Structure formats: C-alpha cells, structure tokens
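One structure is given below, encoded as structure tokens.
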Amino acid sequence: MAASIKKIGVLTSGGDSPGMNACIRAVVRSALANGCEAVGIQSGYEGMIEGLFRPMLHHDVSNIIQRGGTILKTARSPRFHQPEWRAVAHAKLVEAGIDGLVVIGGDGTFTGAKIFGEEYDLPIVGTAGTIDNDLYGTDYTIGYDTALNTAMEAIDKIRDTAASHNRLFFVEVMGRDAGFIAINAGIAGGAEAILIPESKTDVDALIRHLDNGHVTHSSSIVVVAEGDDQGGAMEVAQKVKEKFNKYDTRVTIIGHIQRGGAPSCADRVLATRVGVGAVKGLLQGERGCMAGIQNMDLVFTPFEQAIKHNQDISPAMLDLARSLNCFL
Ligand code: F6P
C-alpha cells in the first residue's frame with residue numbers, strides 16, 4: 001500500500017536543468033518531515049542498476065537550492081530500456097528497502113518510470129525537470145524560466161554587437177522539438193523573426209520579411225529554435241545567404257549555456273512546490289504520474305498524458321508575436 005511508504009528514493013535523469021537541486025532538496029526535506037527515510041540515487045536509472053544509493057539527511061541538501069546542475073548527477077540510460085536491466089534495478093531497490101520513488105526529468109525519464117512502475121507495481125511520482133517546457137500537465141517545467149533568461153541575456157548581448165556592425169544574426173536556442181524558449185526569448189529580445197517547430201518556416205517569405213523595409217534599424221536578429229523544420233541556425237543562415245546577401249551575417253548557437261547557472265527565483269519556488277507535492281502525492285497514494293503546477297494549483301497528471309499530450313504554444317503567444325510584425 002502506498003500509505004505505508006517508508007523509504008523514498010530520488011533521482012534526476014535526462015538533461016539537467018537549473019532547479020533540479022532545489023527539487024532534490026524539497027523531496028529529501030519533505031520525506032524526512034513526513035517520517036520517511038530519503039535515499040539519493042546517483043546518475044539516474046544507470047545508478048539504480050548499479051545500486052548507487054546514499055542516504056540523504058537534512059544537511060545533505062543544505063546549500064544547494066541556489067546551484068545549477070544536479071548533485072545527484074544525471075544520465076540517459078539505454079540499459080534501462082531493456083527488461084533484464086530493469087529487473088536488476090528493481091532487485092537493487094528491494095535490497096535497499098526503497099519502496100517509493102520520485103523521478104525528476106523529462107519525457108524519457110517519465111517513459112521509463114511508467115514502464116518500471118507498472119512492471120513492478122512500484123509507486124513513482126515524477127516532477128518535470130527540463131528546460132524545454134514540453135510536458136503536458138504543468139504550466140512550466142523546472143529550469144525553463146532560467147534558460148529563458150539566459151537566452152534573452154545572450155540575445156541582448158548579441159544585439160549590441162549586431163547593431164555596432166549593422167549585421168544580421170541567426171541565434172539558435174534549445175528546446176529540442178518545442179519552440180517555447182525561442183518564442184519567449186525572441187519576443188523578450190526584440191527579435192525581427194522567430195522560427196519555431198510549431199509553425200512551418202518559409203525561407204523565401206523570411207527573406208521578403210528581412211528585405212521589405214520593415215527591418216529598417218541597424219541590426220536584425222532571427223531566433224531559430226534548434227528543432228525548426230528548416231534546420232538549426234547554421235542551416236537557415238546558409239539557405240538565406242544563398243538568395244539574400246544584403247547583410248553581413250553571423251550565426252550564434254547559445255547551446256548548453258542555457259542548461260547551466262543559478263536557478264531563477266521562479267524555478268526555485270516551482271521546484272520546491274512540486275518536490276514537496278510529489279512526496280505528498282506518494283504518501284497519499286498517487287503513482288504513475290507527474291506532480292505539476294497548473295493555474296497555481298498542484299495537479300497530478302498520468303505519465304502517459306504528460307508525455308504524449310505535448311504542451312502547445314498558446315495561440316495568444318503566436319498572435320502576440322505576429323502583432324509585433326515578428327515573422328513566425
Ligand atoms: O532536453 C533538454 C535539452 O537541452 C534539449 O533542449 C536539447 O535538444 C538536448 O537536451 C541536448 O541534449 P544533450 O545535452 O544530450 O546534448
């Protein structure tokens with residue numbers, strides 16, 4: 001019975017995101033406050049297979065809420081896709097007496113958790129730790145706000161040099177196959193165009209937009225989501241340059257800088273809320289689901305829905321970008 005959970009394991013898996021440490025801290029402290037033991041599982045599902053467990057006490061999570069990355073380390077585990085390795089992982093959990101799990105990660109993490117939880121009738125609750133903001137069932141994912149601000153600050157800096165040289169910049173941001181970082185950082189950074197996977201990119205129309213006199217000031221910035229259908233910033237810049245040579249052009253790929261750094265206040269609070277919420281959920285019998293925040297409330301969404309019903313960029317955001325005559 002879920003109500004009898006006594007030892008809660010916590011792990012981070014997939015790409016790290018700023019705020020994961022705040023979530024680990026919240027899970028550990030609320031598990032202890034509820035009379036449970038807390039165990040840190042190192043390196044995600046890989047560490048579970050290897051039995052890399054360590055008891056976590058109050059002070060083990062001191063001085064981490066402000067730190068990016070994850071003190072538990074993270075990994076993507078091809079072995080965990082195979083039933084025989086999941087059996088090894090389960091045996092390690094049983095041996096250690098871990099009877100409930102909180103997994104912090106993205107869709108790959110939840111896919112593994114869903115299969116594993118059902119296979120071994122194990123209570124697992126997830127929290128959304130990814131900069132991509134691409135999970136259904138939570139308004140924001142842990143790390144997204146920090147990554148957005150990092151991307152926006154980078155765009156601001158690029159704007160300075162772009163304006164000094166009258167240059168056209170293509171700036172690539174992360175997000176895998178989602179355009180949340182691109183559209184929000186693009187709007188906040190005053191981009192002239194934003195290319196996102198959610199809307200089909202027409203390179204000729206983009207060239208007309210850049211050439212039509214609408215872009216009259218001394219710098220132009222095109223924010224390109226890495227998952228855009230025309231490719232990343234390098235590919236799009238190349239395609240534009242082949243037909244349109246009016247501007248001196250440069251490409252910047254912001255890359256993994258977006259994954260690091262101290263989490264923003266919003267990410268720390270979100271991570272803390274869902275970390276505490278995940279433990280509360282486990283102890284109240286929730287399982288096979290993600291703890292998220294929607295409209296300020298804690299909600300539990302089955303893993304299957306969180307993964308498959310990808311969150312959409314709202315029509316209001318698309319309208320906002322178009323109202324600014326920002327090419328989408
Ligand atoms: O899912 C987070 C993310 O940073 C994506 O935005 C990006 O596509 C991917 O991970 C990069 O993965 P890796 O760190 O393995 O290169």
Side-chain angles (χ1 to χ4, degrees), residues 11-23 43-47 68-81 103-113 126-155 170-186 189 194-198 201 223-236 251-264 267 270-271 274 290 292 303 306-313:
L11 62 81
T12 49
S13 159
D16 64 318
S17 69
M20 279 184 162
N21 281 328
C23 193
S43 302
Y45 296 125
E46 270 302 296
T70 159
I71 60 161
L72 290 176
K73 298 195 180 289
T74 185
R76 296 190 169 104
S77 173
R79 284 199 292 177
F80 202 68
H81 290 262
V103 297
I104 307 167
D107 52 1
T109 306
F110 294 168
T111 303
T127 66
T130 166
I131 64 166
D132 300 337
N133 203 41
D134 57 351
L135 291 163
Y136 177 82
T138 190
D139 293 339
Y140 302 108
T141 56
I142 300 165
Y144 168 63
D145 181 67
T146 308
L148 257 188
N149 281 287
T150 301
M152 181 194 72
E153 284 165 20
I155 292 167
F170 291 83
V171 181
E172 181 177 308
V173 297
M174 277 187 170
R176 203 179 291 271
D177 49 12
F180 287 96
I181 297 178
I183 193 164
N184 283 281
I194 303 171
L195 312 185
I196 52 174
E198 291 82 355
T201 297
V223 173
V224 184
E226 63 176 349
D228 188 71
D229 58 289
Q230 288 293 336
M234 285 285 191
E235 287 93 338
V236 175
V251 173
T252 300
I253 297 171
I254 304 177
H256 286 78
I257 290 172
Q258 291 160 101
R259 287 246 294 266
S264 67
D267 273 330
L270 169 67
V274 294
M290 177 191 79
F303 282 139
I307 303 160
K308 289 218 184 103
H309 294 212
N310 266 359
Q311 180 160 212
D312 289 328
I313 291 181

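Side chains are part of it too, since the values below use all heavy atoms of this structure and drop only hydrogens, waters and symmetry mates. Note that ligands are numbered from 1 as they come in the structure, with each ligand's atoms numbered from 1 the same way. Small disclaimer: the values here were computed from a predicted structure and weren't measured. Throughout, residue positions are numbered sequentially from 1 according to the sequence presented.
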Within this structure, what is the CG-OG1 distance for the pair Asp228 and Thr201, rounded to the nearest 0.5 Å? 3.5 Å
How many angstroms lie between atom CE of Met290 and atom CG of Asp107, to the nearest 0.5 angstrom? 11.5 Å
For [atom], closest protein heavy-atom neighbour:
{"atom": "atom 15 (O) of ligand 1", "answer": "Arg76 NH1, 2.5 Å"}
{"atom": "atom 7 (C) of ligand 1", "answer": "Glu226 OE2, 3.2 Å"}
{"atom": "atom 2 (C) of ligand 1", "answer": "Asp132 OD2, 3.3 Å"}

Give a yes or no answer on whether the side chain of [X] reaches the backbone of [Y] with a donor-acceptor pair at less than 3.5 Å.
{"X": "Asn21", "Y": "Gly68", "value": "yes"}
{"X": "Thr12", "Y": "Lys73", "value": "yes"}
{"X": "Tyr45", "Y": "Thr109", "value": "yes"}

As a test of understanding, state which of Ile181, Asp132, Thr138, Asp139 forms a side chain to side chain contact (heavy atoms under 4.5 Å, CB included) with Tyr144. Ile181
Should Gly15 be counted as touching ligand 1, given the test is an N or O pair under 3.5 Å? no
Find all atoms of ligand 1 within a distance of less than 4.0 Å from any non-hydrogen atom belonging to [X], and give their numbers and elements.
{"X": "His256", "value": "13 (P), 14 (O), 16 (O)"}
{"X": "Gly175", "value": "6 (O)"}
{"X": "Met174", "value": "4 (O), 6 (O)"}

Closest to atom 11 (C) of ligand 1 among Arg259, Arg176, Gln258 (heavy-atom distance): Arg259
